[in-house]
Amino acid sequence: MIFITPKAIDTSKVLESVKSQQAGASVLFVGTTRQFTGEKETVQLEYECYESMALEKIQQLVDSVEAKWNIEHCSVVHRIGVVGLGESSIAVAVSSGHRLESFEAAAWLVDELKIQVPIWKKEFWADGKTEWVHPSGAPKPTPQDFNSAQGGA
Amino acid sequence: MKIQIKLFAAARELSDTGEIGLEVADGILVKDMKQEISNAYPKMSELILRSAVSLNREFATDESVVRENDEIALIPPVSGG
């Protein structure tokens, strides 16, 4: 299951989507809007994406996960638009025969998504200011980076 | 050749539009196209330096060649998740 939605994410459905009788483990990662980043207070986040490319990039990451780890299923759902405090912006679920593969694959996928997938968030701070988050010094996504992420293919 | 470039997030807001059109030399390189966008939209210059470019929904390098019917986007540093 891979999709991008403006609606609230039903995280239980995302977890349900990776169920398998061959799986002895399922991991669900949920990213939520955090109120405080250091001293700064967030009132809401707003996400925007380049949808066609984002979906292709997420599919490539899922393909990579399936090539690198022995897993049963992998689902990724990302929300766009306004995401209030405590609400979920992303849910990633992975199932596998044993827990290590699911833990590793889910962590890797979320790390890579934050580098490779064209989705952006805007902070709405409590003081009324807003700010697109464009991290400086972050690893730049390139075809080379993607190939090395795939294991040097 | 005439090209269209999709803009997102801060780039979209700095230029007040989700897509810009530019007239550039045939076979222009990505790095030179980025310079042309900077020249046309100086407000975006700093962000363009930190941004990637995608061609047909795949990340390009500075040396990639831009073709006339490519789907082009400026990809500022991403912050999904």
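Chain letters run A, B, ... following the sequence lines, proteins first, then strands; residues in each count from 1.
- Checking A/E72 against A/S96 by side-chain atom types alone, no donor-acceptor pair falls below 3.5 Å.
- Side chain of A/S89 to backbone of B/G81: a donor-acceptor contact under 3.5 angstrom is found.
- A/V133 touches chain B through backbone and side chain together, each having a heavy atom under 4.5 Å away.
- Heavy-atom pairs under 4.5 Å with chain B were tallied for A/S52, A/P135, A/P118; the largest tally goes to A/P135.
- Interface remark: B/L49 contributes backbone atoms only to the contact with chain A (heavy atom separation under 4.5 Å).
- Proximity to chain B (any heavy atom under 4.5 Å) is restricted, for A/Y47, to the side chain, taken from C-beta onward.
- No more than 12 heavy atoms of other residues, nucleotides or ligands shown are found within 6.0 angstrom of CZ on A/R99.
- Only the backbone of B/S51 comes within contact range of chain A, with at least one heavy atom under 4.5 Å from a heavy atom of that chain.
- Side-chain contact of B/E71 with A/Y50: a donor-acceptor pair under 3.5 Å is present, judged by distance alone.
- Contacts of A/K114 with chain B are made by both backbone and side-chain atoms, with heavy-atom separations under 4.5 Å.
- A donor-acceptor pair shorter than 3.5 Å can be found between the side chains of A/W69 and A/E104.
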